[in-house]
Each structure stands twice: as C-alpha cells, then as structure tokens.
**Student:** 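Sharing a structure with you now.
FYI, the numbering just counts along the sequence from 1. Just so you know, these numbers use all the heavy atoms, side chains as well, and skip hydrogens, waters and symmetry mates. Read the numbers this way: they start at 1 and go in the same order the structure lists the ligands and their atoms.
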Amino acid sequence: MSQHAALQAHFTPLDGTAPQPAPGRHVLGTVAFGERTALSLTGQGYPELAIPMASPGFDSFREVWTTGAEPVTGTRGGLAFAHDGEYLFISGAIEPLPVYGPTVREVYEEAFALVGELGYPHIFRMWNFVGGIISPNAEGMEIYQDFVAGRAEAFASYGDGTGHMPAATGIGTRGEGISFTLLACREGSPRHVENQRQTPAYHYPEQYGPKPPSFARATRLHPAGGEQGDGALFVSGTASILGHETVHRGDIAAQTDVVLENIAELISGPNLAAAGLDGGHELKDLRLVKVYVRHEADLPVVRERCQAAFGPDTEVMYMNVAVCRDDLLVEIEGLVP
Ligand code: 3HB
C-alpha cells in the first residue's frame, strides 16, 4: 500500500511460527491458507482464520494484515475482530450446514452490525470461502447460490445497495462450511470500480441464480487525509467472464489469458477514469496475487502465463480449489498498493 497508508499486508510461510511484524507495526489479523479450518484469537491476541486451501504441489501460506497502531481485539458470536482506530478486520465462520442462506444472512448481518457499532462504516474488501461451492445443498440448490442469496439479504440492510458493495472474492475451499474476512475503515473513503468488459456482478441475469452476487470488481481505498491516488486498489476475484458469460469453456490457456486481460483492463487508466478515479496501472504493479486453479493438472499452464504477465515483485500464491461456476477453470485476485 502507499507510504501514507497505515494498513499493509504480506505473505509469510505457514510454518507454525507466529508472524513477526516490523518495528512499529502490529498484526491486525491473519488468514492461514493451510490444511485446518478454525477461527480463533491467537495467543498474541489478533484473530486468525484458518481455511483448508492447501494441497501437494500448490502453496500454503499466511496472509498477515498489519497496522501502525495497537489494535483492540475481541469476539462476538461467530465473529473475531480487531480494530485500530482507522481499520477494522472481522472474520466469521459458519460450520457445515444442510442449507446456508438463513445462517449466512444472520452472520453477515451480525458482521455489518459490528461494523456500524464499532464505527467503521466503510467495508472495502471481503473474502468469502465457500466449501463445496458448486455442490448442491440438502435442497438441491448449488451452495454458491445458497450463499449468494443469504449474503444479498444481508447486504440489503447494509448501506444503500450497489454503491456500497465492496471488492470481494467468492471461492471454493478443500473443506466444508463457509467463512469470511472483511476489511472496513472509519475515515477513509472506498470507491468501487466496475470493469467495462464485464456486466456488474450485482446486475447478473437470473440464469445464474435467484439473487445476483453482491460485489464490485475492484475497490480503491482513499485513506483519510490522503490524496486521491494514495490508496490501494483491491482487485476482486476475476474469472474468464465477458459481459456475464463464461468464455473459452474447457481451455485453460485461453481462460487464463482472458482473466489477465480482464484485470489489465480493470486497473487501466481509462477504466479507472470511467469510475471517476485518476491513475492507471499495469499487471506488473499487482501485489499479493492469489491464483485459484480448478484442476491440479492445469497449474503449469496457469503459472507460465502468470509469470509472463506479472512483475518480478509480484508475490503469487497458487491454490487448487473450485471456482463459483463449474465452467470457470481459474480465478485471480490481487491488489495494487
Ligand atoms: C463473490 O461472490 O463474492 C465473488 C465470486 C467470484 C469472484 C469474486 C467475488 O467468483
């Protein structure tokens, strides 16, 4: 993130040792992409969400969010949180259920209520980890659609609708149950960005499910007191979708190229200008990239294309999990600091 921003993130190995923040930095929260499923306040006080996303040949790692101020931490219901006066980190976990919608609605509403109560009204990034994402629930509905419906109901009572939907990822895991992490701020102002190549997800037609997914393609965080271009640009999970349709079914190389082109367009000057934002970026500016690959055997092709597209300073982690449509083979997210 920019030198003005107090919020930063990095990846560390998942080797059992606690992350050591740099002098003057404090851990706000972590996400462990490993073998376990758990949500807890660690011995050091901050929340850690553990998600089963690791597998042989792919990466396991911890994502560590740090700030410049000492955080206050706590738990409430199924939520664990930490906040530092400007940034709030919340993680939540829902155990495996036959049907998720009503519980997703309840737990996300709890999280949105906490955002309000603690005084961090602007959610700027969410990650949703959905076990069995394209499997049916006990009523035969795809679990992703079940999840999306519950989340949409929760979002209906948060803010005033589309303008407040943050950048997000909605991705499969190698376990069961649903968990999430959100980041919100007090004084800063997030600006949500759509992609001129893609239909806004919240306007998807009904063929994909009864409710459209509640997220923006990207969010730029304008930190309190900063200049417009100071804030990080958070890029949502991006797939091989043009308009609202999956393109290049069954062709991993072509899907990866479309994903990279979609992100390149999303973060480009002209696309940001269409959202009223200044600046413009290239793929090599991305950091903290996560690449979700549906089929294990596709990893070499995806890796080769990503290595060619990203810069030498781009950290890239690969995971072998399902994506939210059964014809999507790869999804990529990241941020521009
Ligand atoms: C979501 O439903 O939050 C979501 C799903 C995706 C990509 C990004 C966000 O496949």
**Student:** May I ask you to identify, for Asn128, whether its side chain, its backbone, both or neither come under 4.0 Å of ligand 1 on a heavy-atom basis?
**Tutor:**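 Under 4.0 Å from ligand 1, Asn128 contributes side-chain atoms alone.
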**Student:** So if I count the atoms of ligand 1 from 1 in the order they appear, which ones are less than 4.0 Å from some heavy atom of Thr169?
**Tutor:**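 Checking each atom against Thr169, I get 3 (O), 4 (C), 8 (C), 9 (C).
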**Student:** Quick one: is the NZ or CZ of Arg62 closer than 6.0 Å to the six-membered ring centre of Tyr46, and within 45° of its axis?
**Tutor:**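 Because its charged atom misses either the 6.0 Å distance or the 45° angle limit, Arg62 does not stack over Tyr46.
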**Student:** By the definition side chain to side chain contact (heavy atoms under 4.5 Å, CB included), identify the one residue from Val321, Thr169, Val259 that meets it with Glu331.
**Tutor:**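 Of the listed residues Val321, Thr169, Val259, the side chain to side chain contact (heavy atoms under 4.5 Å, CB included) partner of Glu331 is Thr169.
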**Student:** Determine whether the aromatic ring centres of Tyr108 and Phe155 lie less than 6.0 Å apart.
**Tutor:**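 Not close enough - the centres of the two rings lie 6.0 Å or further apart.
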**Student:** Among all protein heavy atoms, pick out the one at the shortest distance from atom 3 (O) of ligand 1; state its residue, atom name and that distance to 0.1 Å.
**Tutor:**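 Result: Arg151 NH1, 2.7 Å.
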**Student:** To which protein heavy atom is atom 2 (O) of ligand 1 closest, and what is the distance rounded to 0.1 Å?
**Tutor:**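 Sorting protein heavy atoms by distance from atom 2 (O) of ligand 1 puts Tyr144 OH, 2.5 Å first.
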**Student:** Below 4.0 Å, non-hydrogen atoms only: which portion of Ala168 touches ligand 1? Side chain, backbone, both or neither.
**Tutor:**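 For Ala168, backbone and side-chain atoms both sit under 4.0 Å from ligand 1.
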**Student:** Starting from atom 4 (C) of ligand 1, find the nearest protein heavy-atom neighbour and note its residue, name and distance.
**Tutor:**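 Looking only at protein heavy atoms, the one closest to atom 4 (C) of ligand 1 is Gly170 N, 3.2 Å.
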**Student:** Taking atom CD of Glu110 as the centre, report whether more than 12 heavy atoms of other residues, nucleotides or ligands fall under 6.0 Å from it.
**Tutor:**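 It does: Glu110 CD has more than 12 such atoms within range.
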**Student:** Quick one: does Val323 get a heavy atom under 4.0 Å from ligand 1?
**Tutor:**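 False for this residue.
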**Student:** More than 12 foreign heavy atoms under 6.0 Å from CD of Glu265: is that the case here?
**Tutor:**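 Yes.
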**Student:** Taking non-hydrogen atoms only, is Glu331 closer than 4.0 angstrom to ligand 1 via side chain, backbone, both or neither?
**Tutor:**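 The answer is the side chain of Glu331.
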**Student:** Take atom CD in Gln44; do more than 12 heavy atoms of anything else shown fall under 6.0 Å from it?
**Tutor:**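 Buried by this count: over 12 neighbours within 6.0 Å.
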